[in-house]
Amino acid sequence: MVREYKTIEEVAGPLMLVRNVENVKYDELGEIELPNGEIRKCKVLEVNGSNVLVQLFDSAAGLNLAESKVRFLGHSTTLSVSEDMLGRVFNGMGDPIDKGPKIIADKQLDINGTPINPAARMYPSEFIQTGVSTIDGLNTLVRGQKLPIFSASGLPHANLAAQIARQAKVRNSDSKFAVVFAAIGITFEEADFFISDFKKTGAIDRTVLFVNLASDPAIERISTPRMALTAAEYLAFEKDMHVLVIMTDITNYAEALREVSAARKEVPGRRGYPGYLYTDLATMYERAGRKEGSNGSITMIPILTMPEDDKTHPIPDLTGYITEGQIILSRDLYRKGILPPVDVLPSLSRLKDKGIGPDKTREDHKNIMNQLFANYARGKEAKELMVVLGEAALTPMDRLYARFADAFEAEYINQGFYENRSIEETLDIGWKLLSMFPRSELKRIKPEMLDKYLPEKED
């Protein structure tokens, strides 16, 4: 039996204090019934003896303390899951917002879930093709990996996220592939872009979309990624699907966490974020991976905008510790009109060696990846020298490297947001660019690979 309380003591902003409450737990959901019968949701933030501090999901406007009733529901936030979720759009609380019918639940799952037991984890080793050369060729995404994209304000990370959601697939696999997309604290225009893009390209049919707008309450922003991960766990570990989870923007999530923490008067950590930011992010990121005994998997691409383009800011800094690499977007490349503007040299996928090679991509992948990195790095150095000393001071070989760097950016990195390249096309573009050099400069490629793949120089 659900007990009702009329002991609301005070309301301060999004927080409400209720006295003389029994048997209520942290994180439990509650309902506030106004005198006119309107129901508003809340969540328990703190329990102190018989006093309970709750956070409101809606505004406190029109709340009559003496006449309103509170009841606690005995469970934390849950999500109704079913395979019918594919192709649907939900808000941050898991309610459909696409004018479709309510989901008939196969199960009700607690959104807090549990990270995968390390002893039951399987090592990621299968290549996921995103169709983006800078990721597939140089910073390969592997099934079960967590690979964040570090962006900055004004850069087109939304377009890259939509492109990966449209194009990603596991090669040589019969298992079904699904995308769970969580849009956290975005504007209405961005939400409209994602929904219309997925519908226009047909990607919506294999996508579950959770949309939390910037105007929605902070507490809902905190639940949105957990809703998405709960849906992903159901599809991956109960329906044996390969699930790609894309979350944008983790920075908005961390800001909401800071807002709730400040409202609770907790002692702040770095830059005002709560001291448990690392733990909180880890409880989300560590839900991705592969489990023994299950054919399904969760691969995660969290996207975050670095405040002030600062890689040492707590959000990208802590994310980098927990995840297996990062893809970094560059403002300089974006200014040059190169899309997607992926900054190849500081980007890194720590598991890329596990997902490439014969039977996965192609036998020459590792050799050509290492050679492209090396030549592009030297080409960038040559261009910097050119700025300081002038082109005449460079050796003919340095000028060739500088030319290669420009060609690499124009042909390999630049592909736009609607070109879907297979891994073979990506590798062939790499070989074409390396054919600019004499064989003596391609020291990182085995001679038999050069004989087999290096195109003849055009006169």
Side-chain angles (χ1 to χ4, degrees), residues 79 82-103 128-132 135 148-149 151-169 176-217 220-221 223-225 227-229 231-232 235 241-253 299-305 327 329 334 337-342 414-421:
L79 176 67
S82 148
E83 277 193 90
D84 296 337
M85 299 178 85
L86 291 165
R88 300 294 303 276
V89 184
F90 302 88
N91 66 12
M93 292 305 293
D95 300 318
I97 54 170
D98 55 2
K99 299 187 173 67
K102 280 186 88 72
I103 295 292
I128 289 183
Q129 181 175 293
T130 64
V132 180
I135 298 176
I149 294 174
S151 183
S153 165
L155 294 184
H157 47 270
N159 303 68
L160 181 57
Q163 181 176 19
I164 294 169
R166 276 196 312 271
Q167 298 177 178
K169 65 176 183 178
K176 286 203 281 186
F177 190 87
V179 176
V180 176
F181 197 103
I184 308 161
I186 62 170
T187 63
F188 181 79
E189 285 80 7
E190 285 176 301
D192 190 54
F193 162 74
F194 285 127
I195 294 168
S196 58
D197 185 86
F198 290 170
K199 282 183 177 169
K200 189 172 64 190
T201 57
I204 191 80
D205 295 337
R206 62 168 191 175
T207 304
V208 185
L209 193 58
F210 290 88
V211 176
N212 165 259
L213 297 176
S215 55
D216 291 331
E220 185 177 310
R221 202 151 304 141
S223 74
T224 306
M227 289 277 174
L229 284 163
L235 294 173
M241 291 187 180
H242 300 318
V243 183
L244 176 65
V245 178
I246 300 175
M247 299 197 283
T248 179
D249 180 343
I250 293 295
T251 301
N252 294 336
Y253 169 83
T299 308
M300 188 187 293
I301 300 183
I303 299 172
L304 56 93
T305 47
I327 304 292
L329 301 190
Y334 185 52
I338 290 170
L339 301 174
V342 175
N414 185 40
Q415 68 176 84
F417 292 117
Y418 289 91
E419 184 182 345
N420 186 358
R421 291 179 183 166

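Worth knowing before you read on, the calculation uses all heavy atoms, side chains too, and leaves out hydrogens, waters and symmetry mates.
Contacts of Thr299 classified as side chain to side chain donor-acceptor pair (under 3.5 Å), with partners at least two apart in sequence or in another chain: none. Under the salt bridge (Lys or Arg N to Asp or Glu O under 4.0 Å) criterion, Lys176 pairs with Glu83, sequence neighbours left out. Applying the salt bridge (Lys or Arg N to Asp or Glu O under 4.0 Å) rule to Arg206 yields no partners; only residues at least two apart in sequence or on another chain are considered. Scored by the side-chain contact (heavy atoms from CB on, under 4.5 Å) test, Ile204 finds Val89, Phe198, Lys199 as partners (sequence neighbours excluded). Listed by chain and number, the residues in a ring-ring contact (aromatic ring centres under 6.0 Å, His included) with Phe210 are Phe90 (sequence neighbours excluded). Residues passing the ring-ring contact (aromatic ring centres under 6.0 Å, His included) test with Tyr334: none are found, sequence neighbours excluded. Not counting sequence neighbours, Asn252 has no partner by the side chain to side chain donor-acceptor pair (under 3.5 Å) test. Listed by chain and number, the residues in a side-chain contact (heavy atoms from CB on, under 4.5 Å) with Asp205 amount to none (sequence neighbours excluded). Every residue meeting the side-chain contact (heavy atoms from CB on, under 4.5 Å) condition with Gln129, not counting sequence neighbours, appears here in chain and number order: Phe127, Asp136, Lys169, Arg171, Ser422, Ile423. Listed by chain and residue number, nothing satisfies the salt bridge (Lys or Arg N to Asp or Glu O under 4.0 Å) test with Asp84 (two or more places apart in sequence, or in another chain). Partners of Asp197 by salt bridge (Lys or Arg N to Asp or Glu O under 4.0 Å), not counting sequence neighbours, listed by chain and number: Arg166.
The CZ atom of Arg221 lies 9.5 Å from the CD1 atom of Ile184; values are rounded to the nearest 0.5 Å. Here OG1 of Thr248 is found 5.5 Å from CZ of Phe194. Values are rounded to the nearest 0.5 Å. Here the CE-CG distance, from Met227 to Asn212, works out to 10.5 Å after rounding to the nearest 0.5 Å. One finds the CD1 atom of Ile303 at 8.0 Å from the OG atom of Ser151 (value rounded to the nearest 0.5 Å). The distance from the CD atom of Gln167 to the OG1 atom of Thr201 is 9.5 Å, given to the nearest 0.5 Å. For the atom pair CZ of Phe177 and CG of Leu235, the computed distance is 12.0 Å after rounding to the nearest 0.5 Å.
Between Ile186 and Asp249, the closest side-chain pair of non-hydrogen atoms is not below 4.5 Å. Counting only heavy atoms from C-beta outward, the side chains of Ile338 and Gln415 never approach each other to under 4.5 Å. In this structure, Ile327 and Pro148 have side chains that are not in contact, with every pair of non-hydrogen atoms separated by 4.5 Å or more. Here the side chains of Ile301 and Leu244 are in contact, with some heavy-atom distance below 4.5 Å. Residues Pro156 and Pro340 fail the side-chain proximity criterion, which asks for heavy atoms closer than 4.5 Å. Two residues are said to be in side-chain contact when any heavy atoms from C-beta on lie closer than 4.5 Å; Ile164 and Ile135 meet this criterion. Two residues are said to be in side-chain contact when any heavy atoms from C-beta on lie closer than 4.5 Å; Ile149 and Leu329 meet this criterion. Counting only heavy atoms from C-beta outward, the side chains of Ile103 and Arg88 approach each other to under 4.5 Å.
Scanning all heavy atoms of the two residues, the minimum distance from Met247 to Met300 falls at CE-SD, 3.7 Å. Of all heavy-atom pairs spanning Phe193 and Ala158, the tightest one is CE2-O, 3.8 Å. Minimum interatomic distance between Ala183 and Thr224 (heavy atoms only, all atoms of both residues): O-CG2, 4.2 Å. The two atoms that bring Lys102 and Asp95 nearest to each other are NZ-OD1, 4.4 Å, heavy atoms only. Closest non-hydrogen pair, Met93 versus Ser223, comes out as SD-OG, 3.4 Å. Of all heavy-atom pairs between Pro302 and Ile250, the closest is CB-CG1, 3.8 Å.
One N or O on the side chain of Thr130 and one on the backbone of Val132 form a donor-acceptor pair closer than 3.5 Å.
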Kindly determine whether Thr305 and His157 satisfy side-chain contact (heavy atoms from CB on, under 4.5 Å), including the steps that lead there.
-> CA-CA 9 Å; Thr305 47; His157 47 270; 3.3 Å; yes
Could you go step by step and tell me if Val208 and Met85 meet the side-chain contact (heavy atoms from CB on, under 4.5 Å) rule?
-> CA-CA 6 Å; Val208 185; Met85 299 178 85; 4.1 Å; yes
Test log, rule side-chain contact (heavy atoms from CB on, under 4.5 Å), inputs Val211 and Ile97 = CA-CA 9 Å; Val211 176; Ile97 54 170; 4.3 Å; yes
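Heavy atoms from other residues, nucleotides or ligands lying under 6.0 Å from CZ of Phe188 number 12 at most.
Among pairs with a residue in residues 181-194, none fulfils salt bridge (Lys or Arg N to Asp or Glu O under 4.0 Å), at least two apart in sequence or across chains.
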